[in-house]
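What follows is a set of notes on a single structure, which appears directly below.
In what follows, residues are counted from 1 in the order of the sequence shown.
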Amino acid sequence: MTTPVGETYMGDGQGHVAMSIGELHMLAKHTVMDKVDEMLDALDAIGKALEGLQISWAGEAKNEAQQLIDRWTQVSTALFGTKENPEIGVLSRIAGGVRTAAFTYNKTETTVQESWQKLRGDLQTILDGGTPTGEGSSKNTAPISQV
């Protein structure tokens, strides 16, 4: 069994996860997709080389070569998509998922911060003898000194 090690893990395996929203976005949008583009170029070159070899083959060898090229094209398209439609490839969808995770994480962080700031403001208003206003507040909340 593999045991987590490194700075991310503490004590009994419980620790913290730190991520930069910008880094996640760059990783998904540029780093991964740039590598996908490089792989597509390499796969295209290999496919063209195989097609060039196939011309000189005959009989069973030609059929096997065609099957190999068809399978090669199918697998590479499933993984990387095509130059015209990279979004059909699995790696492109994974990169899209990472971008979505970065967006969602950022949105969640913002919502949590706003919620705590609103709670702090409402508590300060109550401590000052006022009545919090806004969504989710009771209009008949008594000041804390009267509770």
Side-chain angles (χ1 to χ4, degrees), residues 1-55 63-147:
M1 183 169 123
T2 304
T3 305
V5 295
E7 295 179 15
T8 303
Y9 299 96
M10 301 179 305
D12 60 357
Q14 297 201 3
H16 64 281
V17 175
M19 68 178 79
S20 162
I21 304 302
E23 287 177 16
L24 270 180
H25 186 333
M26 288 296 292
L27 173 71
K29 184 162 177 70
H30 298 289
T31 306
V32 171
M33 293 313 295
D34 289 347
K35 296 300 178 192
V36 166
D37 286 342
E38 289 176 24
M39 290 297 294
L40 277 173
D41 291 340
L43 291 171
D44 284 343
I46 292 170
K48 286 179 179 144
L50 288 174
E51 287 173 8
L53 289 174
Q54 182 190 12
I55 293 171
N63 292 337
E64 288 179 13
Q66 186 59 52
Q67 290 174 354
L68 175 67
I69 290 169
D70 291 345
R71 181 70 177 140
W72 181 270
T73 303
Q74 179 187 20
V75 170
S76 66
T77 300
L79 278 173
F80 302 102
T82 63
K83 281 284 192 187
E84 299 79 29
N85 297 309
E87 68 278 354
I88 64 173
V90 169
L91 292 176
S92 179
R93 287 186 251 161
I94 290 171
V98 172
R99 282 195 312 264
T100 299
F103 173 79
T104 303
Y105 183 80
N106 187 49
K107 180 75 174 150
T108 302
E109 280 289 305
T110 302
T111 301
V112 168
Q113 288 175 357
E114 289 170 352
S115 296
W116 281 109
Q117 288 170 350
K118 177 162 181 1
L119 177 62
R120 180 186 173 275
D122 286 351
L123 288 173
Q124 188 61 51
T125 300
I126 291 169
L127 288 172
D128 292 342
T131 302
T133 59
E135 196 172 294
S137 299
S138 171
K139 293 182 179 174
N140 297 324
T141 305
I144 200 165
S145 60
Q146 295 177 8
V147 174

*At what distance, to the nearest 0.5 angstrom, does CG of D41 lie from CG of D37?*
7.0 Å

*Answer with yes or no whether the side chains of Q124 and D128 bring together a donor and an acceptor at under 3.5 Å.*
yes

_Exercise: identify the closest heavy-atom pair between P86 and S92_ = O-CB, 3.0 Å

*Rounded to the nearest 0.5 Å, how far apart are CZ of R93 and CG of L91?*
10.0 Å

*Quickly, which of L43, T82, N85, V90 forms a side-chain contact (heavy atoms from CB on, under 4.5 Å) with T77? Name it, please.*
T82

*Drop me the distance from E114's CD to L119's CG, to the nearest 0.5 angstrom.*
13.5 Å

*When rounded to the nearest 0.5 angstrom, what distance separates OG1 in T125 from CZ in R120?*
10.0 Å

*Can you see which heavy atom on L40 is nearest to which on G81, and at what distance?*
CD2-O, 3.3 Å

*I88 CD1 to F80 CZ distance, which is reported to the nearest 0.5 Å*: 12.5 Å

*If we ignore angles and hydrogens, is there a donor and acceptor under 3.5 Å between the side chains of R71 and Q74?*
yes

*In terms of side-chain geometry, is the basic nitrogen of K118 or D122 positioned less than 4.0 Å from the acidic oxygen of its partner?*
yes

